[in-house]
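Here is the structure we will look at.
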Amino acid sequence: MDTIFYNVTMKSLRFGKQFQLIEDLAYEMIEKEIELDNITYSTIITCAKRCDLFDKAVEWFEKMYKTGLIPDEVTYSAILDVYAKLKKVEEVLSLFERGRASGWKPDAIAFSILGKMFGEAGDYDGIRYVLQEMKSLEVEPNLVVYNTLLEAMGKAGKPGLARTLFEEMVESGVTPNEKTLTALIKIYGKARWGKDALELWERMKTNEWKMDFMLYNTLLSMCADLGLEKEAEELFEEMKGSKRCRPDSWSYTAMLNIHGRGGKVDNAMELFGEMRETGVKLNVMGCTCLIQCLGRAKRVEELVKVFKYAVERGIQPDDRLCGCLLSVVTFCEKEEEVEMVLGCLEKGNPKLVAFVKMLGDKEVNFDQIKEEFKQILNKAAVEVRRPYCNCLIDICRNANLHDRGHELLYLGTLYGLYPGLHSKTTEEWTLNLRSLSVGAAHTAFEEWMGTLTKIMNQKEELPEVFSAYTGAGTHKFSQGLAQSLDSHLKRLGVPFRQSDEKTGCFTATREDLLSWVQSSVQPTAVVQ
């Protein structure tokens with residue numbers, strides 16, 4: 001009766017997550033020589049897990065094992081989850097095998113824990129192991145297990161296997177829920193499987209599978225990423241007619257993104273007006289999309305009004321929005337427009353505005369530029385550092401500050417913003433321009449030509465082929481870097497020609513380049 005009394009008390013305390021009181025009672029039982037049974041240890045371990053006291057859970061599990069008690073299904077599942085959260089993969093597998101050897105038959109929850117662990121690690125072999133073990137033990141996956149494994153497939157980058165698993169799930173009679181469908185749409189979107197995603201959407205409607213805000217918004221975001229304007233508009237109208245899932249701030253943001261990328265400024269502004277009328281709050285990402293759209297259309301006055309409206313309603317400009325404003329500066333043709341946009345940018349990042357002005361100051365030397373640029377990058381989020389550098393180079397080129405542009409490219413390369421810009425094999429030297437803006441790509445190519453000219457003049461060994469690669473631009477809204485570089489190459493008079501076999505690839509032979517160098521035709525604005 002003593003053990004049962006303590007167990008009931010501990011279970012009551014577990015509801016309130018009172019781990020310290022439970023542990024005190026456990027030590028009291030040991031002191032009074034009252035037996036701790038399977039339920040006692042299970043209660044202690046599961047409470048520690050609920051309180052995120054993973055080390056305590058492991059400690060009590062090890063004590064349990066030393067007593068010779070065999071953990072039950074609940075305890076095994078709980079401690080597996082603890083080890084998985086501590087990222088102790090070897091311990092999880094060891095415990096799993098040890099449990100199997102002792103006669104424990106893992107349930108769906110245990111397999112869900114294993115699947116999640118392998119998924120977060122992107123371990124495809126681990127996911128296969130889970131599926132094989134389930135089949136060998138004839139454990140039927142439930143909805144939770146399927147959802148976990150689908151998310152794991154996504155993290156492991158296996159869209160084809162995710163699709164197969166989903167079909168297996170439906171055929172087994174398990175009805176997908178909103179979480180299942182959201183996970184699969186994310187996987188298809190990431191893999192750029194637009195056709196599969198749209199087919200899945202049609203099945204959702206045909207089978208009347210439940211949809212929630214997250215699923216609708218995931219579909220809209222995928223449409224934005226793949227440039228599926230018509231489908232996005234249809235989906236958005238469907239949301240408007242829904243009683244349960246009317247468009248929210250993120251829904252409108254996705255639509256603003258789609259119209260912005262497609263250059264449909266009037267549509268974007270109409271949506272913005274609709275948001276104001278219906279009381280849907282503009283978020284910072286939606287503001288960024290709208291400002292980018294207006295900037296590309298060179299409607300600077302409207303841009304300033306939108307920015308002012310957003311700031312007045314509490315939006316704090318983040319690094320992405322500041323990067324967007326910086327990119328708008330590169331589109332401006334009039335000095336007064338540049339000043340208007342910089343005025344907006346100053347409210348979000350005054351140091352960046354000061355640096356833009358510093359670039360045009362002839363009295364400022366390279367060391368000063370280097371120090372200020374380093375400080376700006378250190379304060380910026382990692383994902384915006386390269387776009388910042390690209391925009392700053394574009395601004396320099398627009399202002400005929402080509403030397404400054406080359407200095408910034410050098411610093412960007414020095415600080416690791418352009419990994420993989422250059423690659424060399426014995427047969428081919430390559431300049432990879434895919435992550436550069438138009439101005440930065442022109443600058444990088446000129447720099448490359450200057451370096452190659454020096455190497456050729458020094459009679460060093462050279463490969464047979466030289467290639468500059470801009471990428472294919474598979475997205476329907478992608479900018480024409482290839483066309484811009486093609487025009488720039490013609491202006492420079494260099495012997496690079498667009499490849500018939502590879503889209504966005506410009507090649508020149510060693511003989512052609514040597515002939516060009518010997519004829520003293522040099523690219524303009526090359527820093528020697």
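These numbers come from a predicted model, not from an experiment. Counting begins at 1 with the first residue of the sequence.
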Distance-only side-chain donor-acceptor flag, [X] / [Y], under 3.5 Å:
| X | Y | answer |
| --- | --- | --- |
| N390 | Y418 | yes |
| E464 | T509 | no |
| T253 | N283 | yes |
| D512 | S515 | no |
| H259 | E229 | no |
| D225 | N257 | no |

Taking D394 for the side chain and G439 for the main chain, is one N or O donor matched with an acceptor at less than 3.5 Å? yes
Distance-only, no hydrogens or angles: does the R497 side chain make a donor-acceptor pair with backbone N or O of F506 under 3.5 Å? no
When rounded to the nearest 0.5 Å, the distance separating CG of L409 from CG of L414 is 11.0 Å
So does [X] pair up with [Y], basic N to acidic O under 4.0 Å?
| X | Y | value |
| --- | --- | --- |
| K230 | E233 | no |
| E302 | K305 | no |
| R491 | D486 | no |
| K351 | E372 | yes |

Listed by chain and number, what are the ring pair (Phe, Tyr, Trp, His ring centres under 6.0 Å) partners of [X], not counting sequence neighbours?
| X | value |
| --- | --- |
| F213 | none |
| F307 | none |
| W250 | none |

Only one of H406, R397, H402 passes side chain to side chain donor-acceptor pair (under 3.5 Å) with T443; say which it is. R397
Mind checking whether W193 and Y188 have parallel, tilted or perpendicular rings, split at 30° and 60°? parallel
[X] ring center near [Y] ring center (under 6.0 Å):
| X | Y | value |
| --- | --- | --- |
| F445 | F496 | yes |
| Y216 | F236 | no |
| F272 | Y309 | yes |

Test salt bridge (Lys or Arg N to Asp or Glu O under 4.0 Å) on K116 and E151; report intermediate values, then the result. CA-CA 8 Å; K116 185 178 180 183; E151 288 179 1; over 6 Å; no
Start with the C-alpha gap between H442 and S484, add the side-chain angles, then the distance that decides, and say whether side chain to side chain donor-acceptor pair (under 3.5 Å) holds. CA-CA 9 Å; H442 292 180; S484 172; 3.1 Å; yes
